[in-house]
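What follows is a single structure, written as structure tokens, with notes after it.
Model, not experiment: these values are computed from the prediction.
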Amino acid sequence: MSFPLLTATAAVPAIGAIVTAAVPAARRTAAKWIALAFSLATLVLAAIALVRFEPGGDRYQLTESHAWISDFGVRYELGVDGIGVALMALTALLIPFVIAAGWHDADPVETKSSRWRPTQGFFALILMVEAMVILSFEATDVFLFYILFEAMLIPVYFLIGGFGDRAHAGGDEAGATQRSYAAVKFLLYNLAGGLIMLAAVIGLFTQTGTFSLAEIAEARANGTLDMSTGMERWLFLGFFLAFAIKAPLWPVHTWLPNAMGEATAPVAVLITAVVDKVGTFAMLRFCLQLFPEASKWATPVVLVLALISIIYGALLAVGQRDIKRLIAYASISHFGFIIMGIFAMTSQGQSGATLYMINHGISTAALLLVAGFLISRRGSRLISDYGGVQKVAPVLAGTFLIGGLATLSLPGLAPFVSEFLVLVGTFSRYPVIGIIATIGIVLAALYVLVLYQRTMTGPVNESVRHMPDLKLRELAVVTPLIALLLFLGVYPKPLTDIVNPAVEHTMSDVHKTDPKPEVEAAP
């Protein structure tokens, strides 16, 4: 039996969570280092999986399959395609930065309304989320994926409600109330989507007799899958709604600004750069693969919803006064681009959407973490409480600018490549949608540059006059992310080589080919 690499990649952070939580309360620093060590070990395993993955090989590689709940046809089945292995690597890459950035976020602090939970619990919950997200990218059994899809909500709920942002304009009691509201809203929205998905999972089993993606794909290829058009559409809607809430897609997006606003910056990165990617990933792996005809049937409506998300999220970002809520609405706009690329049903669009998931994770992590460092110094999330920061903390301002420019997809930075592919892929099949979506690019430039202008330029606000610049630990967090944004912006080939074969399989699942150019090239 070969070494179960995929299981190990998820098991290491899960074991790390248990070990970290078991550290005595007085050994907080030791707990932090243990959590960081386990996250780095996970990164090493993910890197090995990435190296062992053969882009031109089988669709699902490094596979594992074991009997689990035999009476119900549930198996412990794992396997990664190019998209899954890339997102698994992204998750493993970001978690050490999340841990390092949140090094002091859960240190005990006495407040009027409560005592902050033990530091060990904070880092243990982060590692538990990592384990579940990585395993969800690997799961090829639908029921196993569903369990992980739902279970990851619990640690995120406690991270928002129990370890929320302490910088709240309304004071400690108001902050505690808002954190509780944001955590409950996050949980209820996602649980509602999960319950609908559970009904669809059961319906899928009654139609196919299995939860295995491989067996369902084989039955479809052999023509032995007996599923009516109406049933396929209902099942698609059950899966898609759960994924749209997780993504999030307008109009089921409203939990995200609350969750990101009230969470600490590292936890906000965990939510939008890691957890939310499960929703868009699942659209590719499950919606398009399990329900190809229903996916094509729903495409016009999904594209309109994605377009609304792009414009709506960008417009609300322009009007925000809270730094983290601005970034949250910007992320809603970006997820609109990702979903638009997926349902454009072109190879360029889906390749761009996959790259967008990865590049958005890196760029949002860079911007949010620097914003978190800024907020922790001033103790306020309000844009109006800043001004002239670049004169007193030039390195902080410079890294904030690079993160912002990546968010608006400046050429030369990684998100530009993915956004360009999404727009090209969409325009080639749906030109009107593609043209209107470009408004989101203009609005992105507006909200990013206005944010930078109001916080970093102009006269120095008295409250930031003595603000310190980035420290060594903070530079160690931000510098690699910026380096990645620059590298992948200039040379995205390593990612496209891994992703493109998986996209070809997805296009084959939905029986789509790229549109031919209407004007032939000159001889």
Side-chain angles (χ1 to χ4, degrees), residues 50 53-61 80-90 137 243 247 273 276-289 292 295-296 299 302-303 306-307 310 334-363 406 409 411-431 433-434 437-438 440-441 484-485 487-517:
L50 194 62
F53 184 83
E54 299 177 6
D58 295 337
R59 180 172 189 174
Y60 294 110
Q61 300 179 33
V80 286
D81 59 2
I83 299 170
V85 76
L87 290 172
M88 180 185 72
L90 171 70
F137 290 138
F243 302 152
D276 287 356
K277 298 300 187 299
V278 176
T280 47
F281 163 79
M283 291 180 188
L284 280 165
R285 171 164 285 188
F286 295 101
C287 285
L288 269 60
Q289 186 174 344
S295 296
K296 290 186 285 187
T299 288
V302 175
L303 287 177
L307 185 61
I310 292 169
H334 295 150
F335 276 105
F337 276 109
I338 294 170
I339 295 170
M340 186 177 73
I342 292 171
F343 282 87
M345 301 294 182
T346 60
S347 58
Q348 299 98 328
Q350 292 186 357
S351 292
T354 304
L355 292 179
Y356 216 131
M357 293 185 222
I358 298 165
N359 294 332
H360 172 265
I362 299 170
S363 62
S409 300
L413 295 173
F416 169 77
V417 179
S418 44
E419 193 166 281
F420 177 78
L421 284 172
V422 166
L423 289 171
V424 169
T426 304
F427 182 84
S428 64
R429 196 180 293 278
Y430 302 98
I433 296 289
T438 58
I441 301 175
L484 268 176
L485 290 173
F487 175 77
L488 294 176
V490 176
Y491 189 65
K493 188 175 184 296
L495 277 180
T496 57
D497 286 346
I498 294 173
V499 164
N500 286 343
V503 168
E504 291 175 5
H505 285 296
T506 305
M507 291 287 290
S508 177
D509 289 336
V510 294
H511 308 293
K512 282 283 191 177
T513 57
D514 290 330
K516 295 181 179 179

Just verifying a value: how many Å separate [X] [atom1] and [Y] [atom2], rounded to the nearest 0.5 Å?
| X | Y | atom1 | atom2 | result |
| --- | --- | --- | --- | --- |
| Ile83 | Met88 | CD1 | CE | 13.5 Å |
| His334 | Ser409 | NE2 | OG | 5.5 Å |
| Leu484 | Leu413 | CG | CG | 12.0 Å |
| Leu495 | Ile358 | CG | CD1 | 4.5 Å |
| Phe416 | Ile441 | CZ | CD1 | 8.5 Å |
| Tyr356 | Met340 | OH | CE | 8.5 Å |

>> Taking the ring centre of each residue, are Phe337 and His360 less than 6.0 Å apart?
In response: no
For a 4.5 angstrom cut-off between non-hydrogen side-chain atoms, does [X] reach [Y]?
| X | Y | value |
| --- | --- | --- |
| Phe281 | Phe243 | no |
| Gln350 | Leu288 | yes |
| Leu488 | Ile362 | yes |
| Leu485 | Ser363 | yes |
| Val80 | Tyr60 | no |
| Pro515 | Phe427 | no |
| Leu50 | Ile498 | yes |
| Ile342 | Met357 | yes |

Contact summary for [X] and [Y], nearest pair of heavy atoms:
| X | Y | answer |
| --- | --- | --- |
| Ile339 | Ala247 | CD1-CB, 4.0 Å |
| Gly425 | Ala344 | O-CB, 4.1 Å |
| Ile310 | Ala437 | CG2-O, 4.0 Å |
| Lys277 | Ala273 | CG-O, 3.3 Å |

Measure from the side-chain N and O atoms of [X] to the backbone N and O of [Y], and report whether any donor-acceptor pair falls under 3.5 Å.
| X | Y | value |
| --- | --- | --- |
| Ser351 | Gln348 | no |
| Gln289 | Thr506 | no |
| Arg59 | Ala502 | no |
| Asp58 | Gln61 | no |

> Phe335 and Thr280: side chain to side chain contact (heavy atoms under 4.5 Å, CB included), yes or no, with the steps?
Replying inline: CA-CA 8 Å; Phe335 276 105; Thr280 47; 3.8 Å; yes
> Any ion pair linking Arg285 and Asp509 (charged N to carboxylate O, less than 4.0 Å)?
Replying inline: no
>> What verdict does the side chain to side chain contact (heavy atoms under 4.5 Å, CB included) test give for Leu307 and Leu303, after you've listed the backbone C-alpha separation in whole Å, the side-chain angles of each residue and the deciding distance to 0.1 Å?
In response: CA-CA 6 Å; Leu307 185 61; Leu303 287 177; over 6 Å; no
>> Under the criterion side chain to side chain contact (heavy atoms under 4.5 Å, CB included), I'd like the reasoning laid out for Met283 against Ile338: C-alpha separation, chi angles, the key distance, then a yes or no.
In response: CA-CA 10 Å; Met283 291 180 188; Ile338 294 170; over 6 Å; no
